[in-house]
Visitor: 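I'd like to ask some things about the structure below.
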Amino acid sequence: MLYILRLTSGAGNYPFLHREEEILIKGADLEMAWDATKLKDWQIAEEAEKNMPTVDELIEKLSLRKEEIIPYGRTPKVDFLKMMERLGDKPDGKYIEVTAITPTPLGEGKTTTTLGLIEGLAKRGKNVGGAVRQPSGGPTMNIKGTAAGGGNALLIPMTEFSLGLTGDINDIMNAHNLCMVALNARMQHEANYTDEVLASKGLKRLDIDPKNVEMGWVIDYAAQGLRNVIIGIGGKKDGFQMQSKFGIAVGSELMAILAVAKDLPDLRERIGKIIVAYSKTGEPVTAADLEVDGAMTAWMRNTINPTICYTAEGQPVMVHAGPFANIAIGQSSIIADRVGLKMFDYHVTESGFAADIGFEKFWNVKARLGGLKPDVSVLVATIRALKMHGGGPAVAPGRPLPEEYTKENLELVEKGCANLLHHLNIIKKSGIVPVVCINGFYTDTQAEIDLIKKIVREAGARCAHSDHWLNGGDGALELADTVMDACNEQSQFKCLYPLEMPLRERVELIAKEVYGADGVDWSPEAEAKAKRFESDPYYADFATMMVKTHLSLSHDPTLKGVPKGWRLPIRDVLVYGGAKFLCPMAGAISLMPGTSSDPAYRRIDVDTKTGKVMGLF
């Protein structure tokens, strides 16, 4: 088969061409980039999928055994237990994490960079793969898109990846909602029956307080109309009437548990400890108390196995878990990293949001819980974001970029580098070797790129410019070479705080050392909760999961750059008994996003002649 391949020259996220030429090549040799300036992401994915490895090719490439693969069409699962049984004693590969500076509301391309780096390392002949989060149907059908990367640094097969994949989120929804069925049914029966009748059915009265129910229902869409609902309307046999709520599926505590569970026994134990509600005397009512934890685990038994997808250039990438980046770790699972470090010589993963949130949780929670030692952290920056932090006008989705972002402005870039250097210092405090990646856009100028490289070098770190969006692996060679060089430097990884440190001291340390705050101000309610958690040994090993905006180093999303002279307000502390998280709240949070007036589903359709999905991004 012959393809017409258009090659372009120029730089970055590129709505125009400087030069174009056509060449005919054989499909087997198709290793160059597609024209991302003219093709939409779903069109590039459609072309790339023609050369996607088969399951047999995957097995051969990674020297797997057939029984270690669980068939699911083009996207098989890896049998985690069998893989670790065979490879558990094999030395780990290099562990590379991707994070970012404080982003604009448009995002700065962490997933794109993750996939581009994998492609670049593969171009250098390395055995490389990675792990990313599974996308939620809410953002996919709303305004954010699928989180599949973009251009020639794209995850395929895009349709399967974007629309449910191998069913993990569906299994989580079923397990979660089964718990709510059990809760409401129990409340109905306790309202209708005496203690004697309950005892005859093998039940004891839990005396659940309908005004103190922690859990709600979940659906994998952004459905603001379901944030507050009344259930149980009708008679005595129609459930217990109460106020309830819906959240988005990836905000479920079950998703948070999947991301941090070490194995199936750990998953099972954590599910039983989920706090569903409280009794009228304030005692927690758990999934185990409702005797539903075993059935919930049955729904989730297959979710512990990561799913294999690919970059647009055919490198394997595991997709596993997709938790929120505020109330949870915001990254793919510990299990996927454990498997990847055995399968690959270079394993690349990413953290949600910027280094102050996602990387901090990778550093102090994920790596600690997994017993893993990261080697390199790639800090993604765009010149667009640096100009915003340097005093540029506000950036808003759906609106044209102001002139300051489309023309050279060295002054804004230099001032904005203060935010980059702050995040760079966060990584340095972990002992992980940092690499700054300038994610290229067509509006970047060479002078701006050179200025950033100079500033980063003077700060004692490596820096690379990358055009993976336009050129795939070939565009990421400078980044790949820089990361390989950094991997030769010994990581001095250490957590910010010991587990023995009390909660309020942890929060104070994170606020000062990571965010740059002068201190922490606790509301009376939050401080009372913190004291209670500190005095109870049961919570001693709970992870600290900070909740704040990702749009600023501070709690105020309007403060850009590196804010000075501020204190972090903590208004509440949430507890997740199964995930074992204590979540100090430095801002409001909604577990159910809303759908916009111009959602993506308006442009998604199916070609009824071929059955192929169009319009995903």
Side-chain angles (χ1 to χ4, degrees), residues 13 33-34 36 39-53 72-75 98 100 103 106-120 122 129-169 220 222 250 306-323 325 330-333 336 348-353 380 397 439 466 468-473 475-476 599-601 603-605 612-617:
N13 280 337
W34 285 269
L39 298 177
K40 297 181 184 296
D41 286 347
W42 65 268
Q43 293 172 316
I44 292 175
E46 188 174 292
E47 290 301 314
E49 286 164 25
K50 295 174 182 177
N51 302 288
M52 196 173 80
Y72 275 89
R74 299 194 296 173
T75 55
V98 177
L106 306 178
E108 308 318 309
K110 290 191 304 296
T111 305
T112 308
T113 300
T114 298
L115 299 173
L117 174 57
I118 293 171
E119 292 173 340
V132 297
R133 287 183 288 173
Q134 182 178 356
S136 164
T140 297
M141 293 296 165
N142 196 13
I143 57 175
K144 187 178 180 182
T146 69
N152 285 289
L154 190 69
L155 198 76
I156 60 172
M158 192 176 185
T159 295
E160 286 93 327
F161 174 70
S162 306
L163 302 180
L165 202 56
T166 50
D168 289 355
I169 292 179
D220 199 33
V250 294
T307 300
I308 295 283
C309 291
Y310 304 90
T311 71
E313 296 183 1
Q315 291 77 45
V317 178
M318 285 176 288
V319 179
H320 200 221
Q331 43 214 287
S332 55
S333 70
V348 187
T349 189
E350 66 167 304
S351 302
F353 294 157
V380 179
N439 182 19
S466 188
H468 44 266
W469 183 89
L470 180 69
N471 293 315
Y601 62 70
R603 290 167 288 281
I604 295 172
D605 207 336
K612 294 179 179 179
V613 175
M614 306 175 293
L616 291 168
F617 70 100

Visitor: Do you know which two heavy atoms are closest between Ile308 and Pro316, and how far apart they sit?
Guide: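 The pair with the smallest heavy-atom distance is CG2-CB, 4.4 Å.
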
Visitor: Using atom types as modelled and distance alone, determine if a side-chain donor or acceptor of Glu46 lies under 3.5 Å from a backbone N or O of Lys612.
Guide: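 Such a contact is absent between Glu46 side chain and Lys612 backbone.
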
Visitor: How close do Ser466 and Ala476 get, counting heavy atoms only, and between which atoms?
Guide: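 Result for this residue pair: OG-CA, 3.5 Å.
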
Visitor: Is there a donor in the side chain of Glu350 and an acceptor in the side chain of Thr111, or the other way round, less than 3.5 Å apart?
Guide: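 Yes, side-chain donor-acceptor contact under 3.5 Å.
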
Visitor: Keeping the roles fixed (side chain from Arg133, backbone from Pro323), state whether a donor-acceptor pair exists under 3.5 Å.
Guide: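 Such a contact is found between Arg133 side chain and Pro323 backbone.
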
Visitor: With sequence neighbours excluded, tell me which residues meet ring-ring contact (aromatic ring centres under 6.0 Å, His included) with Phe161.
Guide: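 For Phe161 there are no ring-ring contact (aromatic ring centres under 6.0 Å, His included) partners, ignoring immediate neighbours.
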
Visitor: Which heavy-atom pair separates Gly151 from Ala36 by the least distance, and what is that distance?
Guide: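 Between these two residues, the closest heavy atoms are CA-CB, 3.9 Å.
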
Visitor: Between Gln134 and Ile169, does the side chain to side chain contact (heavy atoms under 4.5 Å, CB included) criterion hold? Intermediate values first, please.
Guide: CA-CA 8 Å; Gln134 182 178 356; Ile169 292 179; 3.8 Å; yes

Visitor: Is any side-chain heavy atom of Thr349 less than 4.5 Å from a side-chain heavy atom of Thr114?
Guide: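 The answer is no; the side chains never approach within 4.5 Å.
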
Visitor: Measure the spacing between CG of Leu154 and CD of Glu49 and express it to the nearest 0.5 Å.
Guide: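 If I round to the nearest 0.5 Å, the distance is 8.5 Å.
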
Visitor: Given His468, which partner from the list Thr311, Asn439, Asn152 fulfils the side-chain hydrogen bond (donor to acceptor under 3.5 Å, both in side chains) test?
Guide: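 Testing each of Thr311, Asn439, Asn152 against His468, the sole residue satisfying side-chain hydrogen bond (donor to acceptor under 3.5 Å, both in side chains) is Asn439.
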
Visitor: Identify the heavy atoms of Pro599 and Met141 that sit nearest to each other, and give their distance.
Guide: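 Heavy atoms only, the tightest pair is CB-O, 3.4 Å.
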
Visitor: Kindly compute the distance separating CG (Leu39) from CD (Glu47), expressed to the nearest 0.5 Å.
Guide: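 Rounded to the nearest 0.5 Å, the CG-CD separation comes out at 7.5 Å.
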
Visitor: Nearest 0.5 Å please: distance from the CD1 atom of Ile156 over to the CD1 atom of Ile44.
Guide: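 Rounded to the nearest 0.5 Å, the CD1-CD1 separation comes out at 11.0 Å.
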
Visitor: Can you check whether Pro397 reaches Leu106 side chain to side chain, under 4.5 Å on heavy atoms?
Guide: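 Side chain of Pro397 against side chain of Leu106, heavy atoms only: contact under 4.5 Å found.
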
Visitor: Can you measure from CG (Leu165) to SG (Cys309) and round to the nearest 0.5 angstrom?
Guide: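 Between Leu165 CG and Cys309 SG, I get 4.5 Å after rounding to 0.5 Å.
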
Visitor: Which heavy-atom pair separates Gly472 from Ala33 by the least distance, and what is that distance?
Guide: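 Closest approach of Gly472 to Ala33: N-CB, 4.3 Å.
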
Visitor: Just how far is it from atom CD1 of Ile604 to atom OG of Ser162, taken to the nearest 0.5 Å?
Guide: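 Interatomic distance, Ile604 CD1 to Ser162 OG, rounded to 0.5 Å: 8.0 Å.
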
Visitor: Would the distance check show the side chain of Ser332 and the main-chain N or O of His320 forming a donor-acceptor pair, the cut-off being under 3.5 Å?
Guide: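 Not a single qualifying donor-acceptor pair exists.
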
Visitor: Run the side chain to side chain contact (heavy atoms under 4.5 Å, CB included) check on Tyr310 and Gln315 step by step: do they pass?
Guide: CA-CA 5 Å; Tyr310 304 90; Gln315 291 77 45; over 6 Å; no

Visitor: So which heavy atom on Glu313 is nearest to which on Gly473, and how close?
Guide: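 Heavy-atom minimum between the residues: OE2-N, 2.9 Å.
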
Visitor: Would you say the side chain of Pro306 lies within less than 4.5 Å of the side chain of Val319, judging by non-hydrogen atoms?
Guide: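 Heavy-atom side-chain distance check fails, nothing below 4.5 Å.
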
Visitor: I need the Gln331 CD to Lys110 NZ distance, nearest 0.5 Å.
Guide: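 One finds 10.5 Å between CD of Gln331 and NZ of Lys110.
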
Visitor: Would you mind listing every salt bridge (Lys or Arg N to Asp or Glu O under 4.0 Å) that reaches into residues 145-169, with sequence neighbours excluded?
Guide: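 Qualifying pairs, neighbours excluded: Arg74-Glu160, Lys77-Asp168.
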
Visitor: Would you check if there is a donor-acceptor pair between the side chains of Thr307 and Thr166 at a distance under 3.5 Å?
Guide: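 Checked: Thr166/Thr307 side chains pair up, N/O donor to acceptor below 3.5 Å.
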
Visitor: Evaluate the criterion side chain to side chain contact (heavy atoms under 4.5 Å, CB included) for residue pair Leu616 and Thr159; output intermediate values, then yes/no.
Guide: CA-CA 7 Å; Leu616 291 168; Thr159 295; 4.0 Å; yes

Visitor: Quick one: are Met614 and Trp42 in side-chain contact, heavy atoms under 4.5 Å?
Guide: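 They are in contact (side-chain heavy atoms under 4.5 Å apart), so the answer is yes.
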
Visitor: Give a yes or no on whether the backbone of Ser136 and the side-chain of Asp220 come within a donor-acceptor separation of less than 3.5 Å.
Guide: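 Side chain of Asp220 to backbone of Ser136: no pair is present.
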
